[in-house]
Number of protein chains: 2
Amino acid sequence: MRQQPEGTPTRRTTLADVAAAAGVSRALASIVMRGAEGAGEATRLRVLEVARELGYRPDSRARLLRSSRTRLLGVTFTLSEPFHGEVVESIYAAAEADGFDVVLSAVGARRPESRAVESLLDAGIEAALMIAPSSAPDLLAAYARQVPVISLLSTTSAEGVDVVRSDDGAGVRAAVEHLVSLGHRNVVHIDGAGAVAADERSAAYRAAMQEYGLSANIRVLHGGAHEEDGLRAAGELVAGSIPDAVVAFNDRCALGVLEAVRRAGLNVPEDLSVTGYDDSQLSRLSHVQLTSVSQDAPRLAAAAVACAAARLASQEPKDLVHQPQLVVRETTGPAPARV
Amino acid sequence: MRQQPEGTPTRRTTLADVAAAAGVSRALASIVMRGAEGAGEATRLRVLEVARELGYRPDSRARLLRSSRTRLLGVTFTLSEPFHGEVVESIYAAAEADGFDVVLSAVGARRPESRAVESLLDAGIEAALMIAPSSAPDLLAAYARQVPVISLLSTTSAEGVDVVRSDDGAGVRAAVEHLVSLGHRNVVHIDGAGAVAADERSAAYRAAMQEYGLSANIRVLHGGAHEEDGLRAAGELVAGSIPDAVVAFNDRCALGVLEAVRRAGLNVPEDLSVTGYDDSQLSRLSHVQLTSVSQDAPRLAAAAVACAAARLASQEPKDLVHQPQLVVRETTGPAPARV
DNA sequence: CCCGTCTACTAGATCGTTCTAGTGCTAGTC
DNA sequence: GACTAGCACTAGAACGATCTAGTAGACGGG
């Protein structure tokens, strides 16, 4: 750390500065800095020492511009979805392990997914990981023509797009199975109402119910991906005849359901069991303890990164389906003894 | 959209391609693309048309490398903090309005703030907005020597660092005032336990209590920034003598408090009033309706971006303190008539 | 002693932009 | 008619790294 003379607009030290100070060429300094082979041991140490001394940090813009391999992974995610955050955090870890850098691009109310992806493409990413992409298939395919695209958490695929997701069907089935094994027969589903993966989950609910001979009890309510949606849907539900159990579209929706149930003066799980989906931080909170289907964010993230790496090694796109696991906590219990 | 011949490794169209196709120099094409003046109307239209036709998108790496003004704002935030997400979303909007681009860098369990900031610096940002920075002051000062640094939501400042925050003292005072005006006298504070801004808030609580002649009732419990912390602290609280009201460190903490209170069989606000801090999405959920102190994320974000712009126009660093506003919802009410 | 090979290193091109310093042309002024 | 001003445009350097194609010198074998 050297004090800069006041007022001087502190030019950043470049590789050329390091090279000059160490008495070598820029090329050799570059070799040393990126740990490539072809430098003598003595010089290597000297260059590193000089670099450290001058506080040199490579300029990523220049590096990315020139190098063929940027080793940059782009990630799109939605800021307002806590579970996306969990996945992103895991992607950071997985990417680092594989020697990739991560660049984020958020999707929000004012920032459509298209903008998020395009800014990533302009930044020179090698592959894009899109968390729960909402773009139309032909748009996804267009992106995939430029870089490998991996769609996470969503089944919506497109030409040339890899998909890494958990088997939502199996997840919902596991939830239904768990409830049935506890003696529940009147199991209601509050769906995702057009959210990513909503259709697959409600289809799996129907199939599972049928499988257990409960076709007559199939009932799907219009829900959504957020607390409000679960609250509203469950509000309508408890106003009528109370079911044994509710399979909610996701954790946030389940939280709304829990609230509505509680308001109606019912106890969980004594009067009614509730399951969520995602096994998010939310569900693990000690006062929630929601039984939920775990998508295992770290594993999913690792798979996605591995998938990107595979595609970059020019392998064919693939569908990677991961088996989710039901995490039983305290919102599910034996079916109430009703008439 | 032109179909690429299969197998060709699709080289991206560059400005040179556009220039050649339009029959002008690269420099002129550049002028047109970035909307600078100095191009004839006819040529401008022709170049734009050709660019559109070829699907040209400027390469941000090259653009950033070369241009003196990158107009890039770096933002560090914590993935697991929903309120940070709200601020980030607002920053996107504010930055866009001011002609800035935003690049995100997340802080997480595996990714310390130092790494987050450094990657931003390497990316060529013009200024860094750090949401609730946790780095040591001398580290912050070191960053500030390289680019203007704006610290958001936190009072922890350092040499040359701008601070944009809301007046936490005033916020807590408003909460206490509100409670006192409702007749509460036994007002307890559950603090942030070392979290960013925790000390200032608890000091303001003490001051406000004293101001209202309630020094004897001052009571501060060790809390924290998350639901678990509020739950634990309030759990201890309700095990003893129940106060009239609780001022929680933030919304997430307040949520835990609400849960503990509910578990103890008490009603909010009939038996006990609770206030939060942040006015986050959480507090606005229809089943929560938490009375909370609003930091007004959009305004804070706009102020931070404006502050960055001012610093880039070489103005002195400043402290921008924004007045927070108490949003009264349904977790506060008249004091219970106790003995 | 010559030749080939290996290691350590270098010069210069290159990535795709923006920026600087012009060039030519037309038109207006005295 | 010379001079200036302004407009539309261009050539080429620059940004800071990486990459390609080489060179100088040491070493070993025949």
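These numbers come from a predicted model, not from an experiment.
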Can you check the [X] [atom1] to [N] [atom2] distance for me, whole Å?
X: A:R12; N: D:dA14; atom1: CZ; atom2: P; answer: 21 Å
X: B:I31; N: D:dA11; atom1: CD1; atom2: P; answer: 13 Å
X: B:L15; N: D:dC15; atom1: CG; atom2: P; answer: 19 Å

Can you give me the first and the last nucleotide of DNA chain C (5' to 3') that has an atom within less than 4.0 angstrom of a non-hydrogen atom in chain A? C:dA8 to C:dG16

Looking at every strand, decide which applies to B:T14 at a 4.0 Å heavy-atom threshold: base, sugar-phosphate, or nothing. sugar-phosphate

Check every strand shown and say whether B:T43 touches a base, only sugar-phosphate, or nothing at a heavy-atom separation below 4.0 Å. sugar-phosphate

Can a side-chain donor-acceptor contact be found between [Y] and [X] if the only test is distance below 3.5 angstrom?
X: B:R26; Y: B:S30; result: no
X: B:R115; Y: B:S119; result: no
X: B:S105; Y: B:R111; result: yes
X: A:R165; Y: A:H322; result: no

Return the 5'-most residue of the pair B:A27, B:L65 with respect to DNA chain C, ranking by each residue's nearest nucleotide. B:L65

Could you check A:L15 against A:Y56 for side chain to side chain contact (heavy atoms under 4.5 Å, CB included), going step by step and ending with a plain yes or no? CA-CA 7 Å; A:L15 190 59; A:Y56 170 71; 3.7 Å; yes

Under 4.5 Å between any side-chain heavy atoms of B:I150 and B:M130, yes or no? no

Side chain of A:R26 only, please: which of D:dG16, D:dT18, D:dA11 is the nearest? D:dT18

Mapping A:R63 and B:S67 onto DNA chain D by nearest heavy atom, which one lands closer to the 5' end? B:S67

A:S68 side chain near D:dT18 phosphate (N/O to OP1/OP2, under 4.0 Å): no

